[in-house]
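This report concerns only the one structure given below.
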Amino acid sequence: MSKRVIIVGGGVGGTIIANLLAKKMRPEIRKGELIIDVISDKAEHFYQPGLLYMLFGLKQYEELVRDERGLLDPMVELHLNPAVGIDKDKNEVRLKNGVVMKYDILVIATGSKPAPEMIPGLKEGGHWFYELDACLKLRNELMNFKGGKIVLTIGMPHKCPVAPLEVTYMLDDWFRQRGIRDKVDYTYTYPIAKLHGIDSVAQFASKTFPKRGIKSEIFFNMKEVDPNKKTVTSIEGTTLKYDLLISVPPHKGANVIEDSGLGQGGFIPTDKFTLKMKDSKNIYVVGDTTNLPISKAGSTAHFESDVIVENIASELRDGLTPFRYDGKVFCFIETGLTKATYVMFNYETPPNPVAPSALIHWLKLTYNKVYWLTPMGIL
Ligand SMILES: Cc1cc2nc3c(=O)[nH]c(=O)nc-3n(C[C@H](O)[C@H](O)[C@H](O)COP(=O)(O)OP(=O)(O)OC[C@H]3O[C@@H](n4cnc5c(N)ncnc54)[C@H](O)[C@@H]3O)c2cc1C
């Protein structure tokens, strides 16, 4: 009887795992001993980091989207139907159309999404660029912005922890290019005692913000937004007035996770080395869906995927799962419209941003173009 690996979620992590596993397990698939299924709630695969560029009119939707079926190995079965229930005791996934699928090994790759509704008034009074429609709305506001107070607020947790810094530096350059920087009063807020969760990145921001006239406010945890008065108030009691509120809303995991009782807020308790769901022998968790205290980033999902694929293959062939994730993360950081830096780190080695350069910026732009090779399992 054939074994079945089900992957829920066809984003970065889910697609890489399906493709690498299909390649590695080709002989077993050909003999009918293994079936690999991807369950996805949408037919398109969207490259989310492109939103940062779309905001400035530097990328169009068509450049950022591909058909998920086209990215997947032909030997992977794709089910375009949202998963609405996961029963870990019965080893079953229930789809919205009522179909129940049994698995031997499950990979949960359902990602995370902004949840602006968690902050009263934010949906009505704020803007964000972490989702397509919201990004286009904010882009329209920016194109018509002639000057005034911009406040950037950040909710926790959220994916791509460096994106709020990137958008700040890019906006600074963009307003300069438009010749209206002197008319823009920009305040970057952060929820903890420093400007970023990573020490070296916080130091980098502390050094560069004053030179560029970027104001900052630490210990600012969004409590509520008053869209009529155009104010945002923190739990700590600070109220800031804004003409344009740009926010990175706090994120939640997929509804199916909480609905199935697998993790609070949709984030699953995960072993940091094996990437198995805590207390489970046959469920792996990849990417944003884990509750690991590391960056929720596409690169994280990518490096985790390599480990999960090796362990699944080894488990199916030899009954062993010897591979361990070392916490590796790599993030480019745009420091404006023409330069960038990067950080690379793992559980043991903290990151240290290198001096920004045009070369690193071009490397990031190049990766944006060739990204599609990553989910295909080539890069
Ligand atoms: C503006 C922005 C900039 C970013 N920049 C970077 C960057 O420069 N570098 C970087 O590394 N990362 C970046 N990221 C973060 C990166 O995009 C995410 O961390 C990454 O996509 C996470 O991969 P994932 O596989 O966990 O989730 P995703 O790629 O989000 O995939 C999850 C998939 O699961 C699907 N799904 C959800 N629920 C269900 C369900 N019930 N049934 C079936 N399918 C379901 C979703 O529709 C989605 O397709 C950025 C993100 C944003 C928004």
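Both counts, for ligands and for their atoms, begin at 1 and track the order of listing.
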For [X], is at least one N or O under 3.5 Å away from an N or O on ligand 1?
| X | result |
| --- | --- |
| A163 | no |
| S40 | no |
| V12 | yes |
| G298 | yes |
| K159 | no |
| S299 | yes |
| K42 | yes |

For this session: Identify whether the distance between the nearest side-chain nitrogen and carboxylate oxygen of E63 and K369 falls below 4.0 Å.
Result: no
Exercise. Would you call E310 and K24 a salt bridge, using N to O less than 4.0 angstrom?
Worked result: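 Salt bridge present between E310 and K24.
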Any idea which atoms of ligand 1 are less than 4.0 Å away from a heavy-atom of [X]?
| X | value |
| --- | --- |
| G287 | 26 (O) |
| I39 | 43 (C), 44 (N) |
| P82 | 42 (N) |
| A254 | 38 (N) |

Problem set entry | Minimal non-hydrogen separation, H45 against V12, with atom names | CE1-N, 3.9 Å
Seminar exercise, completed: Of all heavy-atom pairs linking V256 and T110, the shortest is CG1-CG2, 4.4 Å
For this session: Assess the side chains of D37 and H79: does a donor N or O sit below 3.5 Å from an acceptor N or O?
Result: yes
Among all the protein's non-hydrogen atoms, which is closest to [atom], and how far away is it?
| atom | answer |
| --- | --- |
| atom 30 (O) of ligand 1 | Q48 NE2, 3.0 Å |
| atom 25 (O) of ligand 1 | G13 N, 2.8 Å |
| atom 37 (C) of ligand 1 | T110 O, 3.4 Å |
| atom 40 (C) of ligand 1 | A83 N, 3.8 Å |
| atom 27 (O) of ligand 1 | G111 CA, 3.3 Å |
| atom 35 (C) of ligand 1 | D41 OD1, 3.5 Å |
| atom 26 (O) of ligand 1 | D288 N, 2.9 Å |
| atom 32 (C) of ligand 1 | A109 O, 3.3 Å |

Could you tell me if [X] sits above the aromatic ring of [Y], with its cationic atom closer than 6.0 Å to the ring centre and no more than 45 degrees from the axis?
| X | Y | result |
| --- | --- | --- |
| K272 | Y347 | yes |
| R178 | W174 | yes |
| K364 | F332 | no |

Under-4.0 Å heavy-atom contact with ligand 1, by part of [X] that carries it:
| X | value |
| --- | --- |
| K296 | backbone |
| K364 | side chain |
| E131 | neither |

Problem set entry | Reference residue S112; test side chain to side chain donor-acceptor pair (under 3.5 Å); the match among D288, T289, T290 |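 Checked D288, T289, T290 against S112; only one passes side chain to side chain donor-acceptor pair (under 3.5 Å): D288.
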Exercise. Where the closest heavy atom to atom 6 (C) of ligand 1 is concerned, which of C331, G253, S260, C160 has it?
Worked result: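 Comparing heavy atoms across C331, G253, S260, C160, the nearest one to atom 6 (C) of ligand 1 lies in C160.
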Exercise. Who else is in the cluster with Y242 when I, L, V, M, F, W and Y are joined by side-chain contacts under 4.5 Å?
Worked result: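 Hydrophobic cluster check, Y242: joined to I119, L122, V151, F220, M222, V225, V232, L240, L245.
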Exercise. Are there more than 12 heavy atoms of other residues, nucleotides or ligands under 6.0 Å from atom NZ of K149?
Worked result: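 No, not enclosed.
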Exercise. Is there a donor-acceptor pair closer than 3.5 Å between any side-chain N or O of T274 and the backbone N or O of K276?
Worked result: yes
Problem set entry | Test salt bridge (Lys or Arg N to Asp or Glu O under 4.0 Å) applied to D271 and K278, step by step | CA-CA 6 Å; D271 184 282; K278 290 240 167 102; over 6 Å; no
Exercise. Under a heavy-atom criterion of less than 4.0 Å, does Y130 contact ligand 1?
Worked result: yes
Problem set entry | Which residues share a side chain to side chain donor-acceptor pair (under 3.5 Å) with Y342, sequence neighbours left out | none
